[in-house]
Amino acid sequence: ARKCELQGLWRNQLGSNMTLSALDATGGFTGSYHTAVAATNKQILVSPLKGVQQHPSAKGQVTFGFTVQWQFADSITVFVGQCFVDHRGKETLETTWLLREEVPSRKDSWKATRIGTNVFTRL
Ligand SMILES: CN1C(=O)N(C)[C@H]2CS[C@@H](CCCCC(=O)O)[C@H]21
């Protein structure tokens, strides 16, 4: 069956790379995220991520979520998505993300969250 495994090296169309670890017994995983672009002009650093996936159904195209703790910005991104395998066995991760940056005060809170979609393919 076309099972879609999260473990390994993935790249998105922004040129970001991420490495996902093997799963633990409860579907938890860790990894690291290296972004090519950022909203800050600080030195970009590889950043840790933690996530969890659902147990595979018959189709094995699992849903997951993970959080990236940026090491160079006062912000956090959470991703939710699903892993798909096409008829040729090509895997993609379809994701939606929320990027929350730290703002000076609650009155700025309205402009602190960005949303986007993103597709990762195996490197
Ligand atoms: C490069 N990115 C990427 O591969 N994304 C899927 C989006 C969602 S996380 C963001 C980068 C945020 C970097 C930290 C910051 O600038 O606050 C952007």
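Order of appearance sets the numbers: ligands from 1, and atoms from 1 within every ligand. Side chains are part of it too, since the values below use all heavy atoms of this structure and drop only hydrogens, waters and symmetry mates.
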Checklist entry - Ignoring hydrogens and geometry, is there a side-chain-to-backbone donor-acceptor pair from T95 to N118 under 3.5 Å? => result yes
Next on the checklist: Under a 3.5 Å distance rule, please check whether Q71 uses its side chain to pair with a backbone N or O of Q69 as donor and acceptor.
Outcome noted: yes
Next on the checklist: Do L6 and C83 make a side-chain contact, defined as non-hydrogen atoms from C-beta onward lying under 4.5 Å apart?
Outcome noted: yes
Checklist entry - Does any non-hydrogen side-chain atom of L123 lie less than 4.5 Å from one of N17? => result yes
Item to check | Side-chain donor-acceptor pair present, R100, S109, cut-off under 3.5 Å | outcome: yes
Item to check | Modelled atom types, side-chain donor and acceptor of W10 and T121, under 3.5 Å | outcome: no
For ligand 1, note which part of [X] has a heavy atom under 4.0 Å away: side chain, backbone, both or neither.
| X | value |
| --- | --- |
| T77 | side chain |
| S75 | side chain |
| V68 | neither |

As an exercise, identify every atom of ligand 1 less than 4.0 angstrom from a heavy atom of [X].
| X | value |
| --- | --- |
| Y33 | 3 (C), 4 (O), 5 (N), 6 (C) |
| T40 | 16 (O) |
| V37 | 1 (C) |
| L14 | 2 (N), 3 (C), 4 (O), 5 (N) |
| A73 | 15 (C), 17 (O) |
| F79 | 6 (C) |
| A39 | 15 (C), 16 (O) |
| S16 | 1 (C), 3 (C), 4 (O) |

Checklist entry - Parallel, tilted or perpendicular: which fits the ring planes of F79 and F66, with parallel below 30° and perpendicular above 60°? => result parallel
Checklist entry - Are the charged groups of E101 and K111 less than 4.0 angstrom apart, N to O? => result no
In terms of residue, atom name and distance, what is the protein heavy atom nearest to [atom]?
| atom | value |
| --- | --- |
| atom 11 (C) of ligand 1 | W70 CZ2, 3.9 Å |
| atom 8 (C) of ligand 1 | W97 CD2, 3.4 Å |
| atom 1 (C) of ligand 1 | T35 OG1, 2.9 Å |

Checklist entry - Hey, quick one: are V46 and L49 part of the same hydrophobic cluster, counting side-chain heavy atoms closer than 4.5 Å, chains of contacts allowed? => result no
